[in-house]
Chemist: 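Mind having a look at this structure? Questions to follow.
Here the structure is a predicted model, which means the values were calculated and not measured.
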Amino acid sequence: MRVALLLLTATLCVAEDRNDVEFARPNGVSLTLDLHTPEGKRPAPTVIIVHGGGWVNGNKRTYVTPLFEPLTKAGFAWFTINYRLAPQYPYPAALEDVQSAIRWVRANVVRYNLDPKRIVLMGESAGGHLVALAAAKKAKGAEVNAVVDFYGAHDLVKREKERGEPNKNIQQFFGVEKLDEAGDTRG
């Protein structure tokens with residue numbers, strides 16, 4: 001009995017790397033993630049990584065692969081996700097996908113030996129915007145404990161007002177064509 005328990009415990013603590021794991025299927029669109037879990041007996045701190053690409057380009061391996069090695073060496077479990085891109089899927093699709101990824105990770109804390117009290121969102125550029133927005137929205141079941149935002153865009157109205165008109169990515173992501181007199185966006 002004790003040997004069986006030790007074997008079971010050893011199995012739960014083995015490092016794992018998997019690619020293309022489906023975490024959601026909104027309206028039939030398969031959303032996948034790649035993951036790494038560290039070896040160890042203690043539940044691992046966890047990072048969910050969201051790529052940039054102006055909300056219209058990229059995938060779970062675009063721009064963010066330099067994060068994988070330092071996170072792995074530091075003993076983190078990490079999950080890098082795909083999300084639906086504009087213009088085919090305008091806001092709030094990408095936000096909903098980030099929230100779905102958080103819920104999926106939370107639903108799998110036992111399976112992957114994750115610490116549910118140490119789940120972090122990390123994103124760069126458009127991914128930084130999405131992780132900050134997801135944390136601020138505090139959707140039920142999609143709560144996180146921290147956010148690491150690398151150069152995410154946040155005061156989008158101010159930024160676009162300074163440009164004089166919304167850039168193509170903003171137009172595609174939010175479905176707006178121009179700014180009104182107050183600097184707000186209109187569709």
Side-chain angles (χ1 to χ4, degrees), residues 1-26 29-53 58-84 92-152 154:
M1 178 72 158
R2 185 176 175 144
V3 172
L5 183 59
L6 287 173
L7 289 174
L8 178 61
T9 303
T11 302
L12 294 174
C13 300
V14 173
E16 183 174 359
D17 291 287
R18 294 183 59 203
N19 295 327
D20 299 320
V21 176
E22 187 174 83
F23 68 88
R25 187 177 275 275
V29 177
S30 179
L31 297 175
T32 60
L33 57 79
D34 294 348
L35 67 89
H36 165 79
T37 58
E39 190 170 313
K41 293 182 181 179
R42 290 188 172 162
T46 303
V47 177
I48 301 168
I49 304 167
V50 183
H51 68 84
N59 63 50
K60 61 189 174 184
R61 295 271 173 170
T62 306
Y63 311 117
V64 295
T65 55
L67 299 170
F68 301 167
E69 184 178 352
L71 289 171
T72 299
K73 285 183 176 181
F76 283 85
W78 54 260
F79 299 80
T80 184
I81 69 166
N82 282 325
Y83 57 87
R84 292 172 290 170
L95 172 62
E96 293 167 349
D97 299 343
V98 172
Q99 292 167 334
S100 292
I102 298 165
R103 288 183 187 103
W104 186 91
V105 167
R106 288 198 165 282
N108 285 281
V109 294
V110 173
R111 177 179 182 178
Y112 293 110
N113 196 26
L114 310 175
D115 185 343
K117 294 179 181 174
R118 295 189 295 166
I119 296 177
V120 175
L121 283 178
M122 181 182 289
E124 56 86 35
S125 192
H129 167 259
L130 291 170
V131 300
L133 187 58
K137 289 284 187 180
K138 298 182 180 180
K140 185 173 173 117
E143 300 87 359
V144 294
N145 306 96
V147 171
V148 179
D149 172 359
F150 294 107
Y151 50 90
H154 297 289

Chemist: Going by atom types alone, do Thr80 and Asp34 pair a side-chain donor with an acceptor below 3.5 Å?
Modeler: no

Chemist: Measure the spacing between CD1 of Ile81 and CD1 of Ile48 and express it to the nearest 0.5 Å.
Modeler: 7.0 Å

Chemist: Run through Thr72, Thr46, Thr37 and flag the one making a side chain to side chain donor-acceptor pair (under 3.5 Å) with Trp78.
Modeler: Thr72

Chemist: Is the closest side-chain heavy-atom distance between Pro43 and Asn113 below 4.5 Å?
Modeler: yes

Chemist: Measuring from Arg18:CZ to Phe79:CZ, what's the distance to the nearest 0.5 Å?
Modeler: 10.0 Å

Chemist: Apply side chain to side chain contact (heavy atoms under 4.5 Å, CB included) to the pair Ile102 and Leu121, showing each step before the final yes or no.
Modeler: CA-CA 9 Å; Ile102 298 165; Leu121 283 178; 3.8 Å; yes

Chemist: Give me the atom names and distance for the closest heavy-atom approach of Asp115 to Pro45.
Modeler: CB-N, 4.5 Å

Chemist: Hey, could you give me each pair passing side chain to side chain donor-acceptor pair (under 3.5 Å) that has a residue in residues 130-147? Not counting sequence neighbours.
Modeler: none

Chemist: Please lay out, stage by stage, how Val47 and His36 fare under the test side chain to side chain contact (heavy atoms under 4.5 Å, CB included).
Modeler: CA-CA 10 Å; Val47 177; His36 165 79; over 6 Å; no

Chemist: Measure across Asp97 and Pro26 and return the closest heavy-atom pair with its distance rounded to 0.1 Å.
Modeler: OD1-CG, 3.9 Å

Chemist: Rounded to the nearest 0.5 Å, how far does CG of Leu95 lie from CZ of Arg84?
Modeler: 10.0 Å

Chemist: Do the two ring centres, one from Tyr83 and one from His51, sit under 6.0 Å apart?
Modeler: yes

Chemist: Quick one: closest heavy-atom pair of Glu124 and Val64, and the distance?
Modeler: CG-CG1, 4.0 Å

Chemist: Measure the spacing between CG of Leu31 and CD of Glu22 and express it to the nearest 0.5 Å.
Modeler: 7.5 Å

Chemist: Does any pair with a residue in residues 99-109 pass side chain to side chain donor-acceptor pair (under 3.5 Å), and if so which ones, sequence neighbours excluded?
Modeler: none

Chemist: Just how far is it from atom OG1 of Thr32 to atom CG of Asn82, taken to the nearest 0.5 Å?
Modeler: 4.0 Å

Chemist: State the NE2-CG distance between His154 and Asp149, to the nearest 0.5 angstrom.
Modeler: 3.5 Å

Chemist: Locate the shortest heavy-atom distance separating Ala135 from Val144; write the atom from each residue and the value.
Modeler: CB-CG2, 4.0 Å

Chemist: Of the non-hydrogen atoms in Arg118 and Ala44, which two are nearest, and what is the gap between them?
Modeler: NH2-C, 4.4 Å

Chemist: For residues Pro116 and Val109, report the shortest heavy-atom separation together with the two atoms involved.
Modeler: CB-CG1, 4.2 Å

